[in-house]
Amino acid sequence: MRDLRISVTDRCNFRCTYCMPKELFGADHAFLPRASLLSFEEIARLARLFAALGVTKLRLTGGEPLVRKEIERLVALLAPIPGIADISLTTNGSLLTADKARQLKAAGLQRITISLDALDDATFKAMNGVGFPVRKVLDAIDNAVAAGFAPVKINMVLKRGANDACIEAMAEHFRGSGCVLRFIEFMDVGTTNGWRMQDVVPSAEVIARVDARWPLERVPANYPGEVANRWRYKDGAGEVGVIASVTQPFCGGCTRARLSAEGVLYTCLFAGGGASLRDLLRGGADDEVVMDKIAGVWGRRRDRYSELRTEATPEIAARKKIEMSYIGG
Ligand code: SAM
Ligand code: SF4
């Protein structure tokens with residue numbers, strides 16, 4: 001266990017078709033009540049215990065992490081924890097003003113990933129489900145760069161027929177910009193996004209298309225367990241990455257635990273259930289008891305969903321899974 005993804009909220013101001021489709025996450029959708037979310041202090045306490053058990057990297061995510069007020073205050077609580085070498089955040093960029101980016105940097109955030117699925121407004125607006133314009137996400141990327149986050153990573157989820165025509169335009173835009181574009185295979189997270197294998201654009205196809213325009217070569221992984229396959233442009237225009245979790249599952253090397261916004265520990269993005277650490281915290285458990293719980297859950301983990309998916313057993317197809325916006329992408 002080396003990385004911990006912390007979902008700070010299940011709420012989001014976007015309705016991406018592959019994550020929180022607006023038909024299913026409408027005005028009547030019941031989000032978690034405020035009181036059931038972990039407080040920043042509770043998150044920081046758990047992060048300290050996870051760090052004592054070997055976690056060195058934290059990522060804040062959601063839902064949309066920037067809808068949680070004063071998220072920089074959480075970053076400031078996490079930054080001094082002994083053993084934590086890296087704190088990052090994944091955001092849709094919609095609320096990343098220049099001020100917010102500076103505050104996050106000052107609080108100790110080290111890296112930012114911004115999601116952007118197309119440069120073409122009509123395509124992006126349809127995919128984010130709320131008509132949000134591309135320009136504002138590009139501004140957010142500029143704000144992150146100006147605040148000193150470099151390289152900013154850009155996540156593009158590919159869905160066949162929706163935005164796969166935009167692969168080359170995205171590659172061209174971010175080549176030489178200092179940002180690292182990562183193409184992500186559409187995953188069957190949760191049960192509401194209508195996932196079908198035929199909608200997945202295999203990463204091998206993406207790399208072949210980009211390589212045909214701008215020749216690429218492989219870059220070795222930064223560290224064991226890195227999920228992105230890295231490539232660099234032979235002409236020196238920087239790097240791109242692919243996250244091939246469907247066509248090339250990496251369960252065997254996974255070192256990642258996940259904490260939901262209400263403090264449930266999950267050992268897999270495709271888990272059907274988890275263990276509530278919040279109930280332990282609020283029940284007055286001391287650090288040792290909480291650490292024993294975490295270590296026990298991690299020690300018993302046998303998750304390899306993405307590998308089993310490839311085998312397509314009926315048991316796997318019928319499995320109940322947690323939504324991405326809840327568990328934290
Ligand atoms: N709201 C933030 C954002 O969109 O960046 C953070 C949370 S979001 C769940 C984290 C990442 O997961 C985003 O880059 C998003 O595009 C990606 N994602 C969401 N649903 C996905 C799916 N079904 N398959 C692959 N990636 C997905
Ligand atoms: Fe919101 Fe991120 Fe999910 Fe899109 S991918 S709906 S921005 S949580």
Side-chain angles (χ1 to χ4, degrees), residues 3 5-26 29 31-32 59-68 71 88-96 111-118 123-132 134 136-137 140-141 144 152-160 162-164 166 170 179-197 199-203 206 227-228 241-247 249-250 256 258-261 266 269-270 305-306 309 321-329:
D3 347 17
R5 297 218 153 196
I6 303 172
S7 172
V8 295
T9 177
D10 59 333
R11 287 167 199 263
C12 186
N13 54 346
F14 279 18
R15 288 292 176 272
C16 301
T17 54
Y18 50 74
C19 179
M20 300 175 79
K22 59 174 183 275
E23 299 74 22
L24 291 153
F25 290 81
H29 180 75
F31 288 101
L32 295 171
R59 178 170 293 271
L60 302 179
T61 180
E64 173 47 44
L66 298 188
V67 304
R68 186 99 186 238
I71 184 84
S88 58
L89 171 117
T90 306
T91 174
N92 62 26
S94 60
L95 302 170
L96 191 65
R111 298 185 299 122
I112 287 193
T113 298
I114 298 179
S115 303
L116 178 63
D117 295 328
T123 307
F124 183 55
K125 285 178 171 176
M127 280 186 86
N128 65 52
V130 294
F132 199 83
V134 171
K136 289 197 176 177
V137 182
I141 295 169
V152 172
K153 287 186 185 150
I154 311 297
N155 276 0
M156 176 184 189
V157 175
L158 281 166
K159 202 174 162 192
R160 180 81 70 194
N163 65 341
D164 52 332
C166 309
M170 284 284 283
C179 298
V180 176
L181 175 62
R182 288 137 31 109
F183 299 98
I184 302 180
E185 288 180 350
F186 174 33
M187 291 184 282
D188 50 339
V189 191
T191 46
T192 58
N193 66 7
W195 185 87
R196 299 178 309 172
M197 187 67 203
D199 296 333
V200 176
V201 184
S203 291
V206 179
V227 296
V242 287
I243 301 179
S245 39
V246 177
T247 60
F250 35 76
R256 184 170 289 175
R258 295 169 188 271
L259 187 64
S260 79
Y266 292 93
L269 181 54
F270 301 98
Y305 175 83
S306 290
R309 176 207 292 120
K321 294 177 271 134
I322 308 291
E323 296 303 320
M324 179 83 120
S325 51
Y326 172 85
I327 199 170

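Only heavy atoms go into these numbers, but all of them, side chains included; no hydrogens, no water, no symmetry mates. Numbering of ligands and ligand atoms starts at 1, following listing order.
- Residues R182 and T113 bring no donor and acceptor atom of their side chains to less than 3.5 Å of each other.
- In terms of protein heavy atoms, atom 13 (C) of ligand 1 is closest to S115 OG, 3.3 Å.
- For atom 20 (N) of ligand 1, the closest non-hydrogen atom on the protein side is Y18 CD1, 3.3 Å.
- Screening N13, I114, V137 for a side chain to side chain contact (heavy atoms under 4.5 Å, CB included) with N92, the sole residue that qualifies is N13.
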Could you walk me through whether D117 and K159 pass side-chain contact (heavy atoms from CB on, under 4.5 Å), step by step? CA-CA 9 Å; D117 295 328; K159 202 174 162 192; over 6 Å; no
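- Considering backbone and side-chain atoms together, T61 places no N or O closer than 3.5 Å to any N or O of ligand 1.
- Side-chain N/O atoms of E64 and T9 include no donor and acceptor closer than 3.5 Å.
- For ligand 1 and N92, the ligand atoms under 4.0 Å from any heavy atom of the residue are 2 (C), 3 (C), 5 (O).
- Not close to ligand 2: S115, with no non-hydrogen atom less than 4.0 angstrom away.
- Less than 4.0 angstrom separates some heavy atom of N155 from each of these atoms of ligand 1: 14 (O).
- Between the side chain of R111 and the backbone N or O of T90 there is no donor-acceptor pair closer than 3.5 Å.
- Of all the atoms in ligand 1, the ones that sit under 4.0 Å from a non-hydrogen atom of E64 are 1 (N), 2 (C).
- In this structure, N128 contributes its side chain and F124 its backbone to a donor-acceptor pair below 3.5 Å.
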Would you sort out whether W195 and M197 count as a side-chain contact (heavy atoms from CB on, under 4.5 Å), showing the intermediate values? CA-CA 7 Å; W195 185 87; M197 187 67 203; 3.7 Å; yes
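- The shortest distance between side-chain heavy atoms of R258 and T61 does not fall below 4.5 Å.
- When only non-hydrogen protein atoms are considered, atom 19 (C) of ligand 1 lies nearest to M324 CE, 3.3 Å.
- No side-chain N or O of Y18 forms a donor-acceptor pair with one of D199 less than 3.5 Å apart.
- In terms of protein heavy-atom proximity, atom 4 (Fe) of ligand 2 is closest to C16 SG, 2.3 Å.
- Proximity of a side-chain donor or acceptor of R59 to a complementary backbone N or O of D3 within less than 3.5 Å is not detected.
- Taking 2.8 Å as the threshold, C19 does not count as a candidate ligand of atom 4 (Fe) of ligand 2, since none of its N, O or S atoms lies below it.
- Looking at ligand 1, you'll find an N or O of T91 within less than 3.5 Å of one of its N or O atoms.
- Near G62, with a cut-off below 4.0 Å to any heavy atom, the atoms of ligand 1 are 7 (C), 9 (C).
- Protein heavy atom in closest approach to atom 26 (N) of ligand 1: V157 CG2, 3.4 Å.
- Ligand 1 is approached by E185 to a heavy-atom distance shorter than 4.0 Å.
- Around atom 7 (C) of ligand 1, the closest heavy atom drawn from G63, C16, C19, S7 belongs to G63.
- When non-hydrogen atoms are compared, ligand 1 lies under 4.0 Å from the backbone of T90 as well as from its side chain.
- Side chain of N163 to main chain of V157: a donor-acceptor pair is present (N/O by atom type, distance under 3.5 Å, no hydrogens or angles).
- Checking only distances, M187 does come within under 3.5 Å of ligand 1, N or O to N or O.
- Among all non-hydrogen protein atoms, the one lying nearest atom 1 (Fe) of ligand 2 is C12 SG, 2.3 Å.
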